[in-house]
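For the numbers below, each heavy atom of this structure counts, side chains included, while hydrogens, waters and symmetry mates do not. Lettering follows sequence order; numbering is per chain, from 1.
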2 protein chains.
Amino acid sequence: MARPATEELRRRNRSALLDQLHRHGPQTRAELTEALGLNRSTIGALAADLSQSGHIRETTGRSTGSAGRPSTLVECVAEAAQVAAVEIRSGLARLSVVGLGGAVLERAEAPLEADIEPLEAAATVAHLLDGAGVADAVAAVPGLVEGPIVAYSSELGWADRDFGTDLLKATGRHWRMVDTATAAAVGEWSRGDAGGSANLLYLHGGRGLTAGVIVDGRPRCGSSIALGHLVVAPEGAECRCGLRGCLEVEMGASRFAEAVETTTVAAWMGDSVARQTVRRSGECLGRALGAVVTATNPDEILFGGWLRELYLASAATVRSSLAATTLPQLRARLRLRTPALGAEGPLIGAAETGFEALIDDMR
Amino acid sequence: MARPATEELRRRNRSALLDQLHRHGPQTRAELTEALGLNRSTIGALAADLSQSGHIRETTGRSTGSAGRPSTLVECVAEAAQVAAVEIRSGLARLSVVGLGGAVLERAEAPLEADIEPLEAAATVAHLLDGAGVADAVAAVPGLVEGPIVAYSSELGWADRDFGTDLLKATGRHWRMVDTATAAAVGEWSRGDAGGSANLLYLHGGRGLTAGVIVDGRPRCGSSIALGHLVVAPEGAECRCGLRGCLEVEMGASRFAEAVETTTVAAWMGDSVARQTVRRSGECLGRALGAVVTATNPDEILFGGWLRELYLASAATVRSSLAATTLPQLRARLRLRTPALGAEGPLIGAAETGFEALIDDMR
DNA sequence: TGTCATATGTTGCTAACAGCAACAAATATC
DNA sequence: GATATTTGTTGCTGTTAGCAACATATGACA
């Protein structure tokens, strides 16, 4: 290593300080001292560094109410580092520009044509981004994502498409790629209220059905989960992917996705045909979940996208068919719930992925 | 932190050096310099520390064959830190005492009664260990292990038993607990030749059927996978666990386990009844694997215990029924094979778990 | 209103660490 | 046997975080 180890240490501490502020919001220097386990004078020096470089701002402290010299409050400067997060869906591209500390500085969205090609989608993203000066960029795509490649996406109808390179061509910059469900899982993990569980499973319902995982407190990067292509009925109908009896076909994912997009949830749930579909789909979901829970043993399952509506409408059904296919010891710890961040989860999580890389690279 | 940060840095480097030697065997100081990215003089100082404390031994260097001063060879002193690893099976407890660097210093085994109680098993372990002076102790149990608790073990017939505390009572010391499959996965990962894949799934066939996972290059600790209780036939026969159609019942796990234990593999495979059972079970395994692969997306699957024999006898069947239930994009990267360490995997991996903790605690 | 207790920021100093450069040692090559 | 080459050793340096003493700013209480 060319860099001296002492400097390395300093960088690590500096990045830890910024990370702490980014994740947990404005704090006093005294609190930072406590949180990082460093000396007051060290925190002072680190804060001076980061203040100099414009990453943080120190304001005169709020009165604590108790005796003693008031602490100076430290907070991130949102404009100091910005990350662009894009979510690609069927029919829609959404952009958020997020600042250091997690504030959303800009939003934009644009429609996408049906059956759009990756390069065209990338062009739309370029238009949305429009030269915004961001330090990192992350794209969330629903499906099986491997590095820059979208290996398979039911929702977009893409298979083995190099969307990462298309984004590079269209925007002139490198994009990190994640799958929508993993992004949402990261979002809930870092900014939602799922902080407690070390093993989190996020299910995302769109035109297809994908899953994202946090394992032992770390987002599982590098390989995503195409849960919609879990085969639940070996003799079932053929799926576009070539297999038979895929979960997303058996559950009627596209119908749900449309229903949630086009009608109000209340009207949709009132429909008697829909009600029966909901029950049947809830059952199907529960059984599929049984396999997934047995195979991955999570602490918490979150239902995102239209799965949220389905779960809310059929929680009892889901639970009982889950119970028929999992050991009680697995269910004991398991919590089922809906995401706290709603539809913003994927964008927030994607941005968070960018910030993690950014802050890590400061070391 | 009470400790100065500079000392912390030293400890980290010292532990990294020892870790490097433990994992990759004897190396010259020049190689260590390269591997750790530290300066020659730093390596010298660290080696002096560890030599002083007795953890390593420096011998006069082997002649490299090329010009230059010969390098001094550094190696772990096996006796300097020892870990006891125990594997509990139906009918048998096996012990290895492993030294720093991975050398097996002692072996012992003892029969266990059928339907043994945890406390009795712990007593047998105490007898096997017999006051050996080990720095850490790890027990591998087949089933769902959560901290000191065996939540469910088909093989031992235990449910929610506090085996960890029983071991503490019987041996007077703390035991780390892992499930057999995760231990074996760690073994293959660290000492087998699975070093390449970041996501590894190890299937262990005993009286029951469990799985262990390496995710993104890290063993997934804290929660194991009772794969035998994946429900593959909702209308199937009732299992001892209370569910219906569990994989291990449908596959006839106990019959396989017995067959492998009692007859030679060749004779067993020659049997025409067995041959049909093998085909059917291979098919069943393949379909179950489809669900697991879809839900976890591994790079590599290893078949341990009697699954090794089953896989070798029916690889084509397993592959084809796997193909019917997984996306081609998932299969593209996937490798199926048998473990390099054979039956030693669980013990080696369990010991490795202990060493990781031990070396980590030096920091 | 003033004094004291309390909590926090600041400053100068210290111990320890890793890196560096110069030197010493030990081998291969010619 | 002379030289090139690689590696270990030694003394020195720059940087770091911790510490202690001091300065600063508030609340509590008389």
[N] OP1/OP2 closer than 4.0 Å to side-chain N/O of [X]:
X	N	value
A/N13	D/dT16	no
A/R10	D/dT15	no
B/S71	D/dG8	yes
A/T72	C/dG9	yes

query = Taking only residues two or more places apart in sequence or in another chain, which ones pass side-chain contact (heavy atoms from CB on, under 4.5 Å) with B/I149?
reply = B/D162
ask   = With sequence neighbours excluded, what pairs up with B/D361 under the side-chain contact (heavy atoms from CB on, under 4.5 Å) test?
value = none
Could you list the protein-to-nucleotides 9-12 of chain D atom pairs, N/O on both sides, closer than 3.5 Å?
| unit_1 | atom_1 | unit_2 | atom_2 | d |
| --- | --- | --- | --- | --- |
| D/dT9 | OP2 | B/R29 | NH1 | 3.1 |
| D/dT9 | OP2 | B/R29 | NH2 | 2.4 |

Between [N] ([atom2]) and [X] ([atom1]): distance, integer Å:
X	N	atom1	atom2	answer
A/E58	D/dT24	CD	P	18 Å
A/R12	D/dA17	CZ	P	11 Å
A/Q27	C/dT8	CD	P	14 Å
A/E8	C/dC17	CD	P	18 Å
B/L38	C/dC17	CG	C1'	11 Å
B/E7	D/dG18	CD	P	12 Å
A/L73	C/dG9	CG	P	10 Å
B/E31	D/dG8	CD	C1'	15 Å

Approximate separation, where rounding is to 0.5 Å, of A/L358 CG and A/T353 OG1 = 12.0 Å
query = Would you call B/E344 and B/R107 a salt bridge, using N to O less than 4.0 angstrom?
reply = yes
ask   = Taking only residues at least two apart or on different chains, which pairs with a member in residues 33-56 of chain A satisfy ring-ring contact (aromatic ring centres under 6.0 Å, His included)?
value = none
query = Can you pull the ring-ring contact (aromatic ring centres under 6.0 Å, His included) pairs that have at least one residue in residues 9-36 of chain A, sequence neighbours excluded?
reply = A/H22-A/F355
query = DNA chain C in dot-bracket, Watson-Crick or G-U pairs under 3.5 Å, [ ] crossing, | other strand?
reply = ||||||||||||||||||||||||||||||
request  = Could I get the full list of side-chain hydrogen bond (donor to acceptor under 3.5 Å, both in side chains) partners for A/T182, not counting sequence neighbours?
outcome  = A/D179
key: All side-chain hydrogen bond (donor to acceptor under 3.5 Å, both in side chains) counterparts of B/D136, not counting sequence neighbours   = B/R176
inquiry  = Once salt bridge (charged side-chain N to carboxylate O under 4.0 Å, His left out) is applied, what residue pairs with a partner in residues 70-84 of chain B remain, sequence neighbours excluded?
reply    = B/R57-B/E75
inquiry  = Heavy atoms from C-beta onward define the side chain here; which of C/dT8, C/dC17, D/dA25 lies closest to that of A/T6?
reply    = C/dC17
